[in-house]
Amino acid sequence: MEVQIILCMVLVTLFMVMVRAKVPAMMVFGDSSVDAGNNNYIATVARSNFQPYGRDFVGGKATGRFCNGRIATDFLSEAFGIKPFVPPYLDPNHNISHFATGVTFASAATGYDNATSDVLSVIPLWKQLEYYKEFQKKLRVYLGESRANETFAKALHIISLGTNDFLENYFAIPGRASQYTPREYQNFLAGIAEKFIYKLYGLGARKISLGGLPPMGCLPLERTTNFIGGNECVPRFNTIALEFNEKLSKLTTRLNKALPQIRLVFSNPYDIFLQIIHKPSQYGFQVASMACCATGMFEMGYSCSRASSFSCIDASRYVFWDSFHPTEKTNGIIAKYLVKNSLAQFLH
């Protein structure tokens with residue numbers, strides 16, 4: 001029996017080594033869905049470095065993740081056998097040895113559109129790319145030119161943003177809505193996404209996941225303010241998410257043909273997220289329409305109150321942690337779905 005257990009452990013270890021060899025690191029760009037705390041180190045109100053955020057994280061620490069625990073990229077990193085947490089690039093407690101196997105440049109409240117990042121003075125996407133270039137220089141010094149370039153080519157580059165462009169910018173404040181129709185704005189954002197992927201490709205990235213939008217009309221904030229619709233999901237916002245996802249899917253197909261050796265996948269959380277919201281009990285949830293902690297008036301307003309007494313007792317019963325963000329449990333389910341349905345090819 002002991003021999004079988006040891007053999008099993010050896011096989012699991014070998015599998016993890018093989019997986020990691022295929023994807024040795026994870027580089028992350030995006031918004032609060034993948035920000036592990038970069039906003040803690042910039043001058044913005046868009047932070048979550050206080051309780052009750054992080055109450056179910058290791059040590060009960062509020063890290064800057066907009067969640068009660070881990071976010072999707074933490075689960076993805078673990079699924080690829082890399083490490084259980086992806087650290088934020090601006091955290092001075094981490095160095096290049098930690099970042100070598102995975103790092104996030106993401107910033108909560110940002111978007112593809114620079115005007116979106118200006119709303120709450122967060123890190124725009126172009127600046128995240130500049131941080132990545134800076135990181136590349138450091139990694140070349142740390143690993144040497146050859147090994148570093150191999151890491152860039154084999155690492156999984158994750159892009160996850162877009163929701164703020166619509167909910168925090170286009171539909172919330174004057175400006176872009178006077179310049180573009182919703183469809184034109186989608187095309188504008190898709191154009192930025194395309195240019196960003198070209199730039200990543202030019203920097204040596206070959207494995208890239210382009211993330212789609214969730215059913216943003218079903219976020220608790222949108223439902224709470226949908227008085228006329230009886231606090232149900234807002235169809236208009238879900239339709240826009242579907243339309244934009246279709247554009248990103250077509251972009252993925254086109255770039256895979258245009259760029260030699262690129263492996264670009266469209267990671268779409270929409271369907272699984274909507275299933276969880278419509279049939280929460282099938283996934284072990286009890287509440288899908290309201291968030292675990294107090295709801296704010298806009299995404300970073302804050303969504304959670306600093307007084308933990310306003311939070312639910314057991315976050316695992318809730319699909320949403322705050323008015324905009326899923327709980328750790330939901331993040332885990334979505335990450336598992338994405339690995340199976342879009343990212344599995346990188347395991348081979």
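- In this structure, Glu328 has no salt bridge (charged side-chain N to carboxylate O under 4.0 Å, His left out) partners at least two apart in sequence or on a different chain.
- For residues 228-239, the pairs satisfying salt bridge (Lys or Arg N to Asp or Glu O under 4.0 Å) are Arg223-Glu232, with sequence neighbours left out.
- Neither side chain, Asn68 nor Thr327, offers a donor N or O lying under 3.5 Å from an acceptor on the other.
- Looking at every heavy atom in both residues, Cys218 comes nearest to Ile277 through CB-CD1, 3.7 Å.
- For residues 103-129, the salt bridge (Lys or Arg N to Asp or Glu O under 4.0 Å) pairs, not counting sequence neighbours, are Asp113-Arg176.
- Distance CG/Asp31 to OG/Ser117: 11.5 Å, rounded to 0.5 Å.
- Listed by first and then second residue, the ring-ring contact (aromatic ring centres under 6.0 Å, His included) pairs that reach into residues 156-179 are Tyr132-His157, Phe166-Tyr185, Phe166-Phe244, Tyr170-Tyr185, Phe171-Phe237, sequence neighbours excluded.
- Arg317 forms no cation-pi arrangement with Phe285, by the criterion of a distance under 6.0 Å to the ring centre and an angle within 45° of the ring axis.
- The NZ atom of Lys340 lies 12.5 Å from the CG atom of Leu338; values are rounded to the nearest 0.5 Å.
- Taking the six-membered ring where tryptophan is involved, the planes of Phe57 and Phe85 are tilted, since the angle between them lies from 30° to 60°.
- Sorted by first and then second residue, the ring-ring contact (aromatic ring centres under 6.0 Å, His included) pairs with a member in residues 252-280 read Phe273-Phe320; sequence neighbours excluded.
- The stretch residues 83-99 participates, sequence neighbours left out, in no salt bridge (Lys or Arg N to Asp or Glu O under 4.0 Å) pair at all.
- A cation-pi contact, defined as under 6.0 Å to the ring centre and within 45° of the axis, is absent between Arg263 and Phe346.
- Salt-bridge check for Glu130 with Lys133: passed, with a basic side-chain N closer than 4.0 Å to an acidic carboxylate O.
- Under the 6.0 Å cut-off for aromatic ring centres, Phe324 and Phe66 do not qualify, their centroids lying 6.0 Å or more apart.
- For the 3.5 Å distance criterion, the side chains of Arg65 and Thr63 qualify, holding a donor opposite an acceptor.
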